[in-house]
Amino acid sequence: QLRLVESGGGLVQPGGSVTLSCGASGFTPNTYAIGWFRQAPGKEREAVSCINKSDGPIYYADSVKGRFTISRDKARNTVDLQMNSLKPEDTAVYYCATEFMERMSCGDKDYLPFGAWGQGTQVTVSL
């Protein structure tokens with residue numbers, strides 16, 4: 001069974017940092033483009049950041065530019081999302097996903113990959 005698994009969420013104070021990791025079962029994440037998405041209460045799911053197989057990071061949402069960094073940890077076979085200077089509006093369930101392709105179209109409006117999704121991890125930014 002091909003699936004993704006997120007970890008690393010939790011409660012963080014405003015201005016704090018947290019790193020999310022996306023691992024996989026049944027395949028190696030380094031083989032494909034991987035994206036991080038989030039869904040806040042009452043809002044649509046949106047792309048946060050994506051990384052292609054060979055190009056490296058290819059997309060950051062405007063709301064996270066300069067604060068979030070996506071990267072691959074080849075030793076751990078994960079795709080990580082380092083989140084700094086967190087704000088209450090970053091509160092959401094964060095998901096990683098892949099279409100099992102080398103590239104993703106995360107910059108396209110309303111893009112949600114058709115493939116494998118993780119179960120999500122909650123990030124809450126609050127005092």
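- Clustering ILVMFWY residues whenever any of their side-chain heavy atoms sit less than 4.5 angstrom apart, transitively, puts Val93 in the very cluster that holds Tyr111.
- In terms of hydrophobic clustering, with Ile, Leu, Val, Met, Phe, Trp and Tyr side chains grouped at heavy-atom distances under 4.5 Å, Leu4 and Tyr95 are assigned to different clusters.
- If you take CG on Leu86 and CD on Gln13, they are separated by 11.0 Å, rounding to the nearest 0.5 Å.
- Among residues at least two apart or in separate chains, there is no ring-ring contact (aromatic ring centres under 6.0 Å, His included) pair with a member in residues 64-90.
- Val12 and Met83 fall within a single hydrophobic cluster, where Ile, Leu, Val, Met, Phe, Trp and Tyr are joined by side-chain heavy atoms under 4.5 Å apart, directly or via other members.
- Using modelled atom types, no side-chain atom of Tyr59 and backbone atom of Asp108 make a donor-acceptor pair closer than 3.5 Å.
- Remark: Glu44 CD is loosely packed, at most 12 non-hydrogen atoms of other residues, nucleotides or ligands lying under 6.0 Å away.
- Considering OG of Ser71 and CG of Leu81, their distance stands at 8.5 Å, rounded to 0.5 Å.
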Check: residues 112-121 side-chain donor-acceptor pairs under 3.5 Å, at least two apart:
unit_1 : atom_1 : unit_2 : atom_2 : d
Trp117 : NE1    : Pro113 : O      : 3.0
Gln119 : NE2    : Glu6   : O      : 3.4
Thr121 : OG1    : Gly9   : N      : 3.2

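- Here CD1 of Ile51 is found 10.5 Å from OG1 of Thr69. Values are rounded to the nearest 0.5 Å.
- Side-chain atoms of Thr91 come within 3.5 Å of backbone atoms of Val125 as a donor-acceptor pair (strictly under, hydrogens ignored).
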Validation: residues 30-41 side-chain donor-acceptor distances under 3.5 Å, sequence neighbours left out:
unit_1 : atom_1 : unit_2 : atom_2 : d
Asn30  : ND2    : Asn77  : OD1    : 3.4
Thr31  : OG1    : Thr28  : O      : 3.1
Arg38  : NE     : Glu46  : OE2    : 2.8
Arg38  : NH1    : Asp90  : OD1    : 3.0
Arg38  : NH1    : Tyr94  : OH     : 2.9
Arg38  : NH2    : Glu46  : OE2    : 3.3
Arg38  : NH2    : Ser63  : OG     : 3.2
Gln39  : OE1    : Arg45  : NE     : 3.3
Gln39  : OE1    : Arg45  : NH2    : 3.3
Gln39  : NE2    : Lys43  : O      : 3.2

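- Within the 4.5 Å cutoff, the side chain of Pro14 has heavy atoms near those of the Leu127 side chain.
- Each of Val79 and Met104 belongs to its own hydrophobic cluster when Ile, Leu, Val, Met, Phe, Trp and Tyr are linked at side-chain heavy-atom distances under 4.5 angstrom.
- Under a 3.5 Å cut-off, the side chain of Asp73 and the backbone N or O of Arg76 do form a donor-acceptor pair.
- Closest of all the heavy-atom pairs between Ser21 and Asp80 is OG-OD1, 2.8 Å.
- Residues passing the salt bridge (Lys or Arg N to Asp or Glu O under 4.0 Å) test with Asp110: none are found, sequence neighbours excluded.
- Gln82 and Asn84 share a donor-acceptor pair across their side chains, judged by distance under 3.5 Å alone.
- The disulfide bond (SG atoms under 2.5 Å apart) analysis of residues 88-127, with sequence neighbours excluded, yields the pairs Cys22-Cys96, Cys50-Cys106.
- A search for salt bridge (Lys or Arg N to Asp or Glu O under 4.0 Å) contacts involving Arg3 returns nothing, not counting sequence neighbours.
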